[in-house]
Amino acid sequence: MGTPKKALFGFQSKKSTPSFQRRLDLARKEEPEDDDPPKTPTKKGRKGEVQGIDVVNADRSHSRRRTRRVIQKTLEGESSSDEDEESDLEQEEQEDDDAIVEHTNIKSAPHGSGYESYFSTLQSKTTTSNNTLSQMPQMEHATYLKTLASLPVDHPDERANLLSLHKELFAQWAFELSVGFNLLLYGYGSKRNLLTEFVREHCSERPVLVVNGFSPSLTLRGMLESIAGALEASAPDAKLHFGNQPADILTNIVSFLSSPDPPLDDLVLLIHNIDGETLRPDKVQTAISLLAEHPRIHLIASIDHVNAPLLWDAAKSEKLRFIWHDATTFEPLKVETSFDANVLGVAGSGARAGGLRGIKYVLSSLTSNARGIYLQLLLAQLASDSESDTDGIPYRTLYDNCVTEFLVSNELTFRTQLREFYDHNMVVSRKDQGGLEVLSVPLAKGEIETLVVEMQEEE
Amino acid sequence: MAQDEFDSITQSCFLIMPPGRESIWHRDENSETYREGRPPKRRRLGHAYTFKPLLNGKENKEAVRFRQTLYEWTWGEQKRKIEHILSSVNERMLVELGDFVRHAYTEEPAGVPVGLVLAGPNISSHSRLFNQITSATRALNCGPVILLTSRDAPNLRACLKKIIEGAMDAVMGETEEDELAPLRSGGEKKGIKLANYDLKILAAWMKHKLGAMSASAASFKITIAVQDTETLPGNLLPQLLNLLHNYLPQIPVVVLLGIATSLQHFQETLPSATTRLLLAQKFDVRRGEDCLEVIVREVLLAPSNKVRLGARLYEFLWDKWRMHTQSIESFVDGLQFAYMCHFYANPLSVLVAAPDTMRDRQTWDTEENQEGWGALESCWEAVLQKEHFQAIRTLPSFRHFVSKQLEMPDCRAGRVRALLENDLTLSSLISEFAAENVKHAAQLEMTLNVLDALQSSLVSTAVKKGRLEVYLMALQGDIVDGRWLKEMLMLMKKMNSGSLKQFLAKCVEGTTGSDVNATFVGLLDELVQILEAEAVKIAVAEESSDEEGEKDRGLVSEYTLQEAKEGDRATHVSKKIRIASSKASMRNGEVAYTKVVEKVHALLKEYLEASLKSYTELTLHEVFYYNVTKPHQDAFSAQHRAAIQTALTQPHHYLACSCCAPPQNTTRRDEEIFDDDADGGLTTQPDTAILHQLYMECGSLINVYDWFTAFGSIAERRHKEDEDDGDEGRGVSEDGQARSRHKEDEEEERKQGDQARFLRGMAEMQFMGFIKPTKRKTDHVSRLVWGSG
């Protein structure tokens, strides 16, 4: 295989390139106890197929040439013997075969340009090693945060420089905003601080509704109610009633704002991550676009997801009237990713995502009975920890505990509740040697203690 | 306002009030005084924005404010015009529709009267259109009008409820609440409560209403307008229409359906049983192109326009409209942005206010505005400063002007020198330049009229081009030498006298009313007269002749004769003979007519060549034409994904740091960066960038642990590099053992740091949508960008 050629956008290869492999090997050498060297990725399948097709093609052209040669000779009336001709042809065949080999060599290079590489990536079966994260040292969420905080800032001067460049555009942004356009900031890095600063400098005279689009607890209704509540407070004598359904609230807000002389200033709507998970449904985006369309609402938004522009169809993007600005800051997306449990969930069973915070978050939205069940589980785990080294509590024991505490009345509800805990990764279940199902909470002892204290205080 | 107010992330959504206000919503006490001012927006915005001083910050305050005012004036005017156009563009259709609504319903209905509004595929303009329709229909005063959108009508019940409520609320003001009470329960059958979506309520209400008003069903009826017919769920529309049909005598109704696709498609979606119940009539909404043409004509080409679009930007906006959005609004947004950019970023835009010498024209619609603009014009010179003149002198068009002055035979070097050295001399010329620009624009408008006239008089449609395209060609300055004009002129030669006369009349019509074309118009008039004289002569001559059929066709020129017989034989000699013979056989009149045609041809050619020169030849065209596309591209067709990719693959592009830049002397950077020997900047790059580049090497699945290891090895090298740098400076003085223990701790800490960095980078990658967790293999993530998931 020749040198891998890089296609557009630095797209390189579908398989681990030698350098990647070498890097891995190098890393392995440094850890001699690792006795599971990854298999070298093999190139099968795809190459073979390509070769097959090419050979057929080459064959065809070859036979065509042979026929042509025969016809030519017949026409010239050459009186050479059949044998001569045979050997002649054979020799040529040899040459042709060489050509085929060369040909397929070129073809079988896996990096076609553009679309070819796309399809080859699509079809190829990736070979990856069987390493798992158990080899990676575990890291508590708290440690993770602490370590991050203690790390030196990367490229501080350059980043500050980049920020100051963006800040120079503030006046322009304010201009664009006030003539009726809305702002959309894109580019790598957190734009939260930048936007906050902009709003503080240029929109301090107006009420600002800050929406954290990355927050999982955000709802459209909450957003609309904040606006509606403010409107209601503004005109207490008008007896405004905005309704209960998001759609009603929205219509009423818009019609209230459109009334000839609404008693309020322009509203600034600052949405960090308008592409946030909770804002993605079409309904929400339509609502936002209806708000943004109104001349008295000024929308400032940011996006981070690579496919974010797909959120808006022609009608919506026209209503949104965005002016786009490249605001690459290289600031870490610290706050934005703090809600996202999944990746860290993968990154090690110990390094539980939101960890304590995530669990608290889920608990706050559960019924008091469900919280009670979880409390039972926590208490049991604390008790078992101190007594023996088998952590966790058998399923049956927990159920009995809960029944005696009048938290559940039958096993079905108990199961359903546990299901929810599983879904949020708040409970880990495994089978012990006796085949008994054992439940445990994936938290450190200290964390469990604080959680128990907090929960008991709440009760 | 404290930092933490904004920073709260525990709340997903919160309000921040401006400081010093008890309630954020307050009534503006000054609203009365504000309202007098212009533009009206100011009341809300105050001076929420200020322009920045340009000319390296040396621009004086007055000039900055002047630019701002100019923007508000010029764009305010254009915006008003555009809004007027947009609201009036469908006037005729609205009148027709009004007639339909008024008369469609008869006492003995044969079916549900349905108006099909073919609104075109640009769905973003539909809400504006339907608001117009409903308000126009309401103004007819023939009963309640209900606007339905698919959002309001998720099912039949909701839809009926909305109709009933809408109808009864619309006239609620006239009806007493207690009168309605029995109706709500179904009129006659007291005691039985009807569901709120039962049309019986509406029927009873209508009966009551008609009785009270003693009006006939034909003059009082319910109009239901459905904005987005195609998006109504399932078979809601047939059901609704069937129901309405069943209630027809009791509930007089007219339905208006907005159709974004085609009539044919619409018909296919309706069951034929339903179609049979309808009495349909279709209404065409004006095509977007026509609307845009009006905007371009009235706004861009109008002589009162101060800032015009240059060829490139106009092409950009038009292409975007033609090939992507088809939306007038986004075109207008682009136009507004052009004005914004021009006045915000070009210090010389103050010259736009320079009064041109063609003062007689009324550029503003009201007296007040005219005066206001006059005031602006009077102070434009006051804001100019030294730097402005310097900037003018650097303009390419001005340099061109000066060098042309020098080449002129009667050039006075002293005058040219004064232009370059004396600001006053230059300033006195600016008005002239402005006039030149305005004159050129006016001329161009006339010329486009002439071209339009020419196009419409030609029979052949092969050469026809829309006005928008012709305007672009005119801006680009490639009409005169282009094939298109040549072909048209050729075809013109073949016109018969009748259509030539018409064409000339149209030309005269299109070009009068302006002094710039006086000579041209004079010549045209002359030609028309010659033509008429000839025609009379011929007519007299023909009177006696026997060829009756020829008369009403008018005269034809030599060129037509050539063409007519070309079908016979194709050799050169035969052609020549034929021409000679046909020339010989030409009648007197035809010979004379041919001469006229040649004259017209020559005149037209001369005129077009003179008036179609590109605007780029004008002095100071940089001030009066805005022609930069980059800001528009950035603002409206931003490359969001490419920006992220660039930031992650070549961070030095943004950071401009020396450490991450690729080695200078190599062109094949990408390959070498993964070569351990020539690793260039990879080690120093931001964590996510490193992760991203490793990511790009992987297939559709990524083993997280391997990814981590690869990242770790790069991070390790970085530490080594740092250490080497550090060691050189520090020297060895510490106690060996302590140092090694110290080192171990450090190592541990470093490893932990690397892991945290890796986790953070991965979280960011997921947040940006590069990866997602997968269950296909343990501890793997699947790749989403530039690969398959």
Side-chain angles (χ1 to χ4, degrees), chain A residues 6 10-12 14 17 19-20 23 26-27 121-122 126 128-129 131-133 144 147-148 151 154-155 158 171 174-175 178 186-188 196 205 207-212 215 217-218 222-223 226 234 263-264 266 304-307 309 314-315 318 323-324 326 328 333 335 337 342-343 346-347, chain B residues 1 6 9 12-18 24-25 27 44-45 48-49 52 123-124 327 329-330 635 638 640-641 643-645 647 649 654-655 657 670 674 686 696-697 699-701 703-706 708-710 713 752-753 755-756 759 762-764 766-769 773 778-779 785-788:
Chain A
K6 266 202 152 187
F11 180 80
Q12 211 184 15
K14 63 183 196 280
T17 57
S19 70
F20 187 91
R23 218 184 282 293
L26 270 175
T121 316
L122 194 72
T126 356
T128 50
S129 71
N131 291 329
T132 57
L133 285 174
Y144 164 69
T147 321
L148 275 189
L151 283 175
D154 187 46
H155 289 96
E158 286 84 359
F175 173 45
S178 54
Y186 64 94
Y188 169 66
T196 306
E205 294 301 309
V208 181
L209 182 73
V210 183
V211 178
N212 289 327
S215 160
S217 62
L218 179 66
M223 226 172 93
S226 308
S234 74
L264 62 132
D266 286 16
D304 276 306
H305 198 281
V306 280
N307 293 327
E318 190 159 296
I323 285 186
W324 296 58
D326 186 345
T328 304
L333 298 157
V335 178
T337 53
N342 293 332
V343 157
V346 168
Chain B
M1 233 177 298
F6 278 101
I9 54 162
S12 54
C13 147
F14 50 95
L15 261 168
I16 294 170
M17 307 175 190
I24 47 162
W25 314 104
R27 188 171 287 278
R44 302 203 298 265
L45 300 167
Y49 61 93
K52 275 194 155 184
I123 47 168
S124 45
S327 124
E329 280 81 2
S330 73
H640 151 70
R641 198 160 143 170
I644 293 183
Q645 298 264 4
T649 48
Y654 281 99
L655 293 172
C657 56
D670 291 337
F674 294 103
M696 290 308 267
E697 294 178 46
S700 58
L701 282 182
N703 184 320
V704 177
Y705 181 71
D706 285 352
F708 169 64
T709 325
S713 77
Q752 211 164 37
Q755 189 174 348
L759 293 177
M762 206 163 75
E764 285 185 8
Q766 192 195 17
F767 186 68
M768 290 188 288
T778 36
D779 292 337
V785 177
W786 290 115
S788 59

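Within every chain, numbering begins at 1; the chains are lettered A, B, ... in the order of the sequence lines, protein sequences first and strands thereafter. Just so you know, these numbers use all the heavy atoms, side chains as well, and skip hydrogens, waters and symmetry mates.
- Scanning all heavy atoms of the two residues, the minimum distance from B:P686 to A:H155 falls at CD-CE1, 4.0 Å.
- For the pairing with B:F14, the side chain to side chain contact (heavy atoms under 4.5 Å, CB included) check across A:V208, A:L209, A:V210 returns one residue only, A:V210.
- Between the CD atom in B:E764 and the OH atom in A:Y188 there is a gap of 3.5 Å [rounded to 0.5 Å].
- The minimum heavy-atom distance between B:M768 and A:L333, with the atom names listed, is CG-CD1, 4.2 Å.
- Annotation: side-chain contact (heavy atoms from CB on, under 4.5 Å) contacts of B:A643 (sequence neighbours excluded): A:Y186, A:D326, B:Y654.
- Here the closest heavy-atom approach between residue B:A638 and residue A:W324 is recorded as CB-CB, 3.5 Å.
- Evaluation of the side-chain contact (heavy atoms from CB on, under 4.5 Å) rule for A:L151 yields A:L148, B:R757 as partners, not counting sequence neighbours.
- Here the shortest heavy-atom pairing between A:H305 and B:G769 reads NE2-CA, 3.2 Å.
- The CG atom of B:L15 sits 6.0 Å away from the OG atom of A:S226 when rounded to the nearest 0.5 Å.
- Side-chain contact of B:S327 with A:E318: a donor-acceptor pair under 3.5 Å is present, judged by distance alone.
- The minimum heavy-atom distance between B:I644 and A:D304, with the atom names listed, is CD1-O, 3.5 Å.
- In terms of heavy atoms, B:K52 sits closest to A:A171 at CG-CB, 3.9 Å.
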